[in-house]
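Numbering of ligands and ligand atoms starts at 1, following listing order. Not measured: the values here are computed from a predicted model.
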Amino acid sequence: MNKKIFIFANDSEISKRTERQLKQKLDNSGFELLTTYSEEADLLVCIGGDGTFLEAMHKFSFPPMPIIGINTGHLGFFQEIMSSLLDDFIFNYTQGRYSLQPLSTVKVKVVTEEGEAEHVGINEVLIKGNSTYSIHLNISIGGSFIERFSGDGLLIATPAGSTAYNYSLGGSIVDPRLKLLQVTPIAPMNTTAYRSFTSSILLPSELSLGVVPDMDDAVNRLCIVYDGTTAEYENIKELEFSFSDIQINLMRFENYDFWTKVKSKFL
Ligand code: NAP
């Protein structure tokens, strides 16, 4: 039976050109091209950068099938191949010369006076104020109270997201084979008036981070940002950040190595 492939591309000229070329080549190689996204697809191809990849993962609710990213001139940390190597990609895919890299996700449960909501991030989920005021968060780990954190906010990153916003905040780069969450402070205040942790905390996958924000007249709305998308809430009673069961699988070819990629993109 022919393999079914769905292609998602951003609107840039190079991505659209790459999409046309890839469709032609896949068609010539006997693959079935789906015109709309379906969970029946055997492979999802994302053409663009990491932003396009993240957009596709949320738009299609974390697809269950293998996903391959084609980079069209961005940083492309999730993306596996360059747009000039389409023939190599088709050859390797046809020959089964690839492995799947499972990526874990992080979730947050938001409890407000009005009800509950949940958000999932592939890179991260963070909490911050909706103004320039500092925010105050009573945090607990595994149910034990740790401290009243003061600053701009907290970012909870997955290993895959450790190279994104987390890294810019001074967090550590984590190999995605490790099952952990990284809690990184955003502009923590550490003075005689306020005591806040200033470096990242690593949590095993079975522990969750509880947060009870201080809400007052100055800070009565807070933002939850998941992979760059913002949801604003008022009257938050509590938040719980934890490992999510949702996982995605990236297709990687024989020469993929996480640390080689880190070196080529960052160091
Ligand atoms: P964006 O603000 O337009 O782009 C953020 C940059 O982060 C892009 O260069 C993107 O790569 C790169 N990126 C995304 N995920 C990455 C990862 N896992 N490892 C390394 N780099 C990564 O926003 P966007 O493209 O929609 O992406 C959303 C992400 O941006 C968020 O999840 C957050 O992590 C990140 N972000 C970073 C900062 C910061 O570093 N100060 C601030 C806000 C948001 P491409 O060029 O390939 O798209």
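- The backbone N or O of Asn123 sits less than 3.5 Å from a side-chain atom of Thr158, completing a donor-acceptor pair.
- Here the side chain of Asp175 pairs no donor or acceptor atom with the backbone of Leu178 at under 3.5 angstrom.
- Under 3.5 Å, the side chains of Glu124 and Tyr226 contain no donor-acceptor pair of N or O atoms.
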Atom pairs and distances, ligand 1 N/O vs protein N/O under 3.5 Å:
from: ligand 1; atom 1: 11 (O); to: Asp50; atom 2: OD2; distance (Å): 3.2
from: ligand 1; atom 1: 15 (N); to: Asn123; atom 2: ND2; distance (Å): 3.0
from: ligand 1; atom 1: 18 (N); to: Asn123; atom 2: OD1; distance (Å): 2.9
from: ligand 1; atom 1: 18 (N); to: Ala160; atom 2: O; distance (Å): 3.1
from: ligand 1; atom 1: 19 (N); to: Thr163; atom 2: OG1; distance (Å): 2.7
from: ligand 1; atom 1: 32 (O); to: Asn123; atom 2: ND2; distance (Å): 3.0
from: ligand 1; atom 1: 32 (O); to: Glu124; atom 2: OE1; distance (Å): 3.3
from: ligand 1; atom 1: 32 (O); to: Glu124; atom 2: OE2; distance (Å): 2.7
from: ligand 1; atom 1: 34 (O); to: Glu124; atom 2: OE1; distance (Å): 2.5
from: ligand 1; atom 1: 34 (O); to: Tyr165; atom 2: N; distance (Å): 3.1
from: ligand 1; atom 1: 40 (O); to: Ser168; atom 2: OG; distance (Å): 2.5
from: ligand 1; atom 1: 46 (O); to: Leu75; atom 2: N; distance (Å): 3.1
from: ligand 1; atom 1: 47 (O); to: Asp50; atom 2: N; distance (Å): 2.8
from: ligand 1; atom 1: 47 (O); to: Asp50; atom 2: OD2; distance (Å): 3.4
from: ligand 1; atom 1: 47 (O); to: Leu75; atom 2: N; distance (Å): 3.1
from: ligand 1; atom 1: 47 (O); to: Gly76; atom 2: N; distance (Å): 2.8
from: ligand 1; atom 1: 48 (O); to: Asp50; atom 2: N; distance (Å): 3.2
from: ligand 1; atom 1: 48 (O); to: Gly51; atom 2: N; distance (Å): 3.1

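- In this model, a donor atom of one side chain and an acceptor atom of the other lie less than 3.5 Å apart for Glu240 and Ser208.
- Annotation: side-chain contact (heavy atoms from CB on, under 4.5 Å) contacts of Thr52 (sequence neighbours excluded): Phe8, Asn10.
- The existence of a salt bridge linking Asp214 and Arg148 is confirmed by a sub-4.0 Å separation between a basic side-chain nitrogen and an acidic carboxylate oxygen.
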